[in-house]
Chemist: 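One structure coming up, written as structure tokens, with questions to follow.
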Amino acid sequence: MRMDSDPIGFGEKLGADVIQMFVVDPQSWEKPTPHPRTDEIKASPIEVVVHSSYQINVASVNNRLRMPSRNAVAQQAKAAAELGAFGLVVHGGHVRSDAEMAEGIVNWRKLFQRQEDKGGFAVPILIENTAGGNHAMARHFDNIARLWEAVGDYDAGFCLDTCHAWAGGEELLGIVDRIKAITGRIDLVHLNSSRDAFDSGADRHANLADGTIDPQLLVEVCKAVDAPIVLETPAEGVADDLAYLREQVGS
């Protein structure tokens with residue numbers, strides 16, 4: 001059984017305060033349908049955030065990818081709102097060349113502009129930093145700064161992924177202050193270690209005790225940030241990861 005079919009049961013089993021779920025198959029373009037446990041999800045004290053499907057790339061200059069991506073963001077944000085979620089996480093996406101970077105930023109702004117004409121998104125859109133790619137919109141913090149100049153006035157939220165930052169070549173020491181200096185906010189943290197080396201560009205998560213990131217660096221991120229924290233570490237070790245964080249940081 002996928003945890004998305006019983007997210008609250010999954011969260012209760014872990015003793016979690018917040019859980020992340022999908023509202024569609026993350027590899028599909030399907031339209032969300034009402035969740036059979038909607039009432040239970042909304043009534044639970046466990047907070048919920050929704051992660052968008054992986055193929056979404058609103059920065060793309062390819063109409064055949066960008067247009068369905070925009071539609072999917074709006075549809076999945078609406079489904080997230082129907083579950084009482086506090087946001088929809090969307091990866092920063094990428095373009096194909098340096099020459100397209102400026103257009104990719106414009107496309108992100110257009111996502112918010114066009115939706116504003118329709119009354120805005122049903123939940124906040126939380127843009128997540130990504131690990132790899134030479135033409136990624138949100139891998140390096142200088143690119144995130146350029147992106148935020150375009151979308152910050154639309155109240156875009158930010159999701160910080162520690163594995164992605166590390167693998168993307170951004171130091172974790174002081175990272176909370178560094179990203180807040182750019183975005184003014186961190187709305188969610190994906191706290192993950194990395195299977196691969198610093199600046200590898202590889203998006204492969206690891207449990208906190210097994211990865212290449214010093215666990216104390218991850219603990220310091222938890223202590224510094226005032227935002228919900230979600231573990232996306234391998235399932236067999238996620239309970240141990242949660243217990244370790246609670247021991248080091250407190251509940």
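Note that the structure is predicted; figures quoted are calculated from it, not measured.
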Chemist: Are any non-hydrogen side-chain atoms of D6 and E40 less than 4.5 angstrom apart?
Modeler: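 Counting from C-beta outward, D6 and E40 do come under 4.5 Å.
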
Chemist: For the CG atom on D117, are there more than 12 heavy atoms of other groups (residues, nucleotides or ligands in this structure) within a distance under 6.0 Å?
Modeler: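 More than 12 within 6.0 Å, yes.
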
Chemist: Among L14, I41, V48, which residue meets the side chain to side chain contact (heavy atoms under 4.5 Å, CB included) test with I19?
Modeler: V48

Chemist: Please give me the minimum heavy-atom distance between A85 and V50, naming the atom from each residue.
Modeler: CB-CG2, 4.0 Å

Chemist: Does any non-hydrogen side-chain atom of R66 lie less than 4.5 Å from one of K110?
Modeler: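 A side-chain contact under 4.5 Å is absent here.
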
Chemist: Kindly give the heavy-atom pair with the smallest separation between N63 and P68, and that separation in Å.
Modeler: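 Looking at all heavy atoms of both residues, the closest pair is O-CD, 3.7 Å.
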
Chemist: Does any donor atom in the side chain of N207 or H205 lie under 3.5 Å from an acceptor atom in the other side chain?
Modeler: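 There is no such pair (donor and acceptor under 3.5 Å, judged by atom type) between the side chains of N207 and H205.
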
Chemist: For F112 versus Y154, what's the shortest heavy-atom pair and its separation?
Modeler: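 For F112 and Y154, the tightest heavy-atom pair comes out as CB-CG, 3.5 Å.
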
Chemist: Just wondering, do M101 and M137 contact through their side chains at under 4.5 Å, heavy atoms?
Modeler: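 Yes, close enough: below the 4.5 Å cut-off.
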
Chemist: For a quick check under 3.5 Å, do Q20 and H51 share a side-chain donor-acceptor pair by atom type?
Modeler: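 No - no donor-acceptor pair under 3.5 Å links their side chains.
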
Chemist: Would you say NZ of K180 has more than 12 non-hydrogen atoms from neighbouring residues, nucleotides or ligands within 6.0 angstrom?
Modeler: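 Yes, NZ of K180 has more than 12 neighbouring heavy atoms, counting only those of other groups under 6.0 Å.
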
Chemist: Between E232 and D161, is any pair of side-chain heavy atoms under 4.5 Å apart?
Modeler: yes

Chemist: Would you check if N129 and R139 make a side-chain contact, meaning some heavy-atom pair closer than 4.5 Å?
Modeler: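 The answer is no, as the side chains (C-beta and beyond) never meet within the 4.5 Å cut-off.
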
Chemist: In terms of hydrophobic clusters joined by side-chain contacts under 4.5 Å, are V49 and F121 together?
Modeler: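 No; tracing contacts between hydrophobic side chains, which count when under 4.5 Å, never links both residues.
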
Chemist: For a quick test of reading the model, state the closest non-hydrogen atom pair linking G211 to A206 and the distance between them.
Modeler: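 Scanning both residues completely, I find the closest heavy atoms to be CA-CB, 3.7 Å.
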
Chemist: Ignoring hydrogens and angles, state whether a donor on the side chain of Q76 or S53 is under 3.5 Å from an acceptor on the partner side chain.
Modeler: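 Yes - a donor-acceptor pair under 3.5 Å links their side chains.
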
Chemist: Taking the side chain as C-beta and beyond, is there a heavy-atom pair between L160 and V225 under 4.5 Å?
Modeler: no

Chemist: Can E100 and H135 be counted as having a side-chain donor-acceptor contact under 3.5 angstrom?
Modeler: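 Per modelled atom types, E100 and H135 side chains form no pair under 3.5 Å.
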
Chemist: Determine whether more than 12 heavy atoms belonging to other residues, nucleotides or ligands lie under 6.0 Å from atom NZ of K13.
Modeler: no

Chemist: Would you name the heavy atoms of W29 and A72 that are closest together and state the gap between them?
Modeler: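 Taking W29 first and A72 second, the nearest heavy atoms are CZ3-CB, 4.2 Å.
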
Chemist: Quick check: Y54 with F22 (ring centres under 6.0 Å apart)?
Modeler: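 Judged by ring-centre distance (under 6.0 Å), F22 and Y54 do meet the cut-off.
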
Chemist: Looking at N57 and H94, what are the two nearest heavy atoms and their distance?
Modeler: ND2-O, 3.0 Å

Chemist: Heavy-atom distance under 4.5 Å between the side chains of D240 and Y244, does that happen here?
Modeler: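 No, too far: nothing below the 4.5 Å cut-off.
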
